[in-house]
There are 2 protein chains.
Amino acid sequence: MSNPTLEAVARAAGVSRATVSRVVNGSPKIKTESRRSVERAIAELGYVPNRAARALVTRRNESIGVVIAEPTGRIFGDPYFAEVLRGISVGLAAREQALVLVMSQSPEEERRAARYLTGGHVDGVILFSLHGDDPLPEHLKSHGVPVVVGGEPPHGARVSYVDIDNIGGAISAVNHLISLGRTRIATITGTLDMPAAVTRRRGYREAIRAAGRTTDTNLEESGGFSREGGQHAMEILLQRCPDIDAVFAASDLMAAGALSALYAAGRTVPEDVAVVGFDDSIIALSTQPALSSVRQSMEVTGRELANVLLQTIDARDQIVRHVILETELIVRQSTGGPPTRKS
Amino acid sequence: MSNPTLEAVARAAGVSRATVSRVVNGSPKIKTESRRSVERAIAELGYVPNRAARALVTRRNESIGVVIAEPTGRIFGDPYFAEVLRGISVGLAAREQALVLVMSQSPEEERRAARYLTGGHVDGVILFSLHGDDPLPEHLKSHGVPVVVGGEPPHGARVSYVDIDNIGGAISAVNHLISLGRTRIATITGTLDMPAAVTRRRGYREAIRAAGRTTDTNLEESGGFSREGGQHAMEILLQRCPDIDAVFAASDLMAAGALSALYAAGRTVPEDVAVVGFDDSIIALSTQPALSSVRQSMEVTGRELANVLLQTIDARDQIVRHVILETELIVRQSTGGPPTRKS
DNA sequence: ATCCTCCATGAGAGCGCTCTCACGCATGTG
DNA sequence: CACATGCGTGAGAGCGCTCTCATGGAGGAT
């Protein structure tokens, strides 16, 4: 409760407050001797720096806001959010930054959040899962708050971001289906107000065309990034085009939903219909059969988000940084399994 | 960036710093006149109090730690966590408290978290989804940090908690199955190192015995609170006792998994086997057929967690408080639907 | 030996806020 | 009319820390 102060440590170590402060903050110009005695005093007294006092003078809060502006249902049905959050948590912990979680679901809450975030309570903000033309990133940036966005930022926003190679991932998935000899390849898209959903669809279309075929919007249906949406989309697709022999779903969760719909319609996977998901989340391994999927490391995304933000904060600049992470197609049973396999 | 200070507001309003402070903090003894001019000045300058400065003198941080010590996979596959978190978020927002999220997954991280939480960085801590005999609640409490636990606290820990009526909920679910004339009622339990899982199983057993039947451990199998676990548990149960005609699953997610297993085994729901879940989360409505389920409001749980904690902090006492929330059985198609229905 | 340099350290101001205390003025009482 | 009462307000200390600037002493150059 009543933590010892710098002053107390200084007295115990027989040095001045300033020296203790230097030791605590790792200043190089300290004699090993005094450093040692200070460290001992710190350990003995169980000293922990007072964040508030430090923040007051440094004008840093040692904490980062993480905003998720998404209906609860969606947020946590999909492991995606958890894993990104987890990566952020790891990235921040390494620098002793606190993660302040802000969940806003109504315009009223969003206003409150914006006020909080621009009120100097956090050193920077990570936003992810943005929809449409959310003005929040620009708003924060114009108030001088460092911002980084997970995924492609809203159109026109000049902010830093960390994204994955959505288009390349989608192309590799569809190429894989093509190489399997599939000819009627459908796609279940995400919520089309999100850039990731649009970009994955673009990759799908490009791969189809690159193979000399024509795209057909009858083979595209939105699954809203949810399991049920995926299932429903698959039902619609089967109704429209019963001859579908492959599906590329823009998330594993939707792919899992699609599997249910396929079974309900009496199709076998991968024999009748090959299925590829996206994310390679834990879900991909838990479906029957296991899903081929475009792997992205959500945890790395989270960690990079933290890194880019901390970098921006440290540099005190307004430079727009971005990081694009690779994806990799993982082939499993839902498309017939890996090419060769012993035993 | 350079926010105006109290001083600046005071000058603009022609009063002293103290008066502005009183207005900001809602002190009653302020003349309406000066209050008004201060408020105008605040609005004009866009003044936002500096949290750090305030925290320094009040020794409050206006922030609450929320700890989730759970493997990421589990956390976010189940909407439960999201909804409780959401409730906490709402409860804290009402009091302008920041939510500091701490995710710890390894013993090392847990130590770091403990150090942070006892370091005076937060005014209180909410813990949920505790396993086994986690010493964290006691540890925090002994360091004078106000704590409240979601769910039944570890055995012997004298800490405040918010829980739901697990036993009553389980009993009502099983009674419902009994009233349907089902005779071979199985249960899929959660992770048995968690009190909620054990208590729900106890409710199941009590209801069976109260109906004059005997319990049979062959009819009990753990599903580990995951979808796949539920599916697997159902497969085992069917193998052991092919004559099962009803299942009570300790979570909707496991019930959803059980449905898959039942279909794979060629059973119909609710005709061959009636299924009841627990939580009444969004999942219950998205399965085919919709799940009967024991409703608990996870958002209310979260809000109560926040309330109890804030109350404890305000009172500066060590009183152990607890809140038990009601549950309610919601009957849907997975047990044959509501008793009567028009149209 | 004298001066200069340089490095480790100490002294002290001040970050923005709250809160106690004292003061002045209006009102009520004898 | 003198006095107590009380309410609204201002002055000022101080929360724990960082950081600038001054200081003293060791060591090298002359």
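Note that these values count all heavy atoms, side chains included, but never hydrogens, waters or copies made by symmetry. Quick note on labels: first sequence line is chain A, next is B, and so on, each numbered from 1.
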Any [X] side-chain nitrogen or oxygen under 4.0 Å from OP1 or OP2 of [N]:
{"X": "B:Ser21", "N": "C:dT18", "value": "yes"}
{"X": "A:Asn50", "N": "D:dC15", "value": "no"}
{"X": "B:Ser34", "N": "D:dT9", "value": "yes"}
{"X": "A:Arg51", "N": "D:dC17", "value": "no"}
{"X": "A:Ser16", "N": "C:dG10", "value": "yes"}

- Message: Angle between the two end axes of the helix from C:dA1-D:dT30 to C:dG30-D:dC1, five base pairs per end, rounded to 10 degrees?
- Response: 50°

Roughly, in whole Å, what's the span from [atom1] in [X] to [atom2] in [N]?
{"X": "A:Tyr47", "N": "D:dG16", "atom1": "OH", "atom2": "P", "value": "10 Å"}
{"X": "B:Arg22", "N": "D:dC7", "atom1": "CZ", "atom2": "P", "value": "13 Å"}
{"X": "A:Leu6", "N": "C:dG14", "atom1": "CG", "atom2": "P", "value": "19 Å"}
{"X": "A:Leu56", "N": "C:dC15", "atom1": "CG", "atom2": "C1'", "value": "4 Å"}

- Message: Over 60° means perpendicular and under 30° means parallel, so tell me whether B:Tyr80 and B:Phe128 are parallel, tilted or perpendicular.
- Response: perpendicular

- Of A:Arg17 and B:Arg35, the one whose nearest nucleotide on DNA chain D sits closer to the 5' end is B:Arg35

- Message: For A:Ile30 versus A:Arg22, what's the shortest heavy-atom pair and its separation?
- Response: CD1-CB, 3.7 Å

- Task: Please test B:Lys141 against B:Arg158 for side-chain contact (heavy atoms from CB on, under 4.5 Å), starting from the C-alpha separation and ending with a verdict.
- Result: CA-CA 9 Å; B:Lys141 200 182 172 194; B:Arg158 300 264 308 137; 4.1 Å; yes

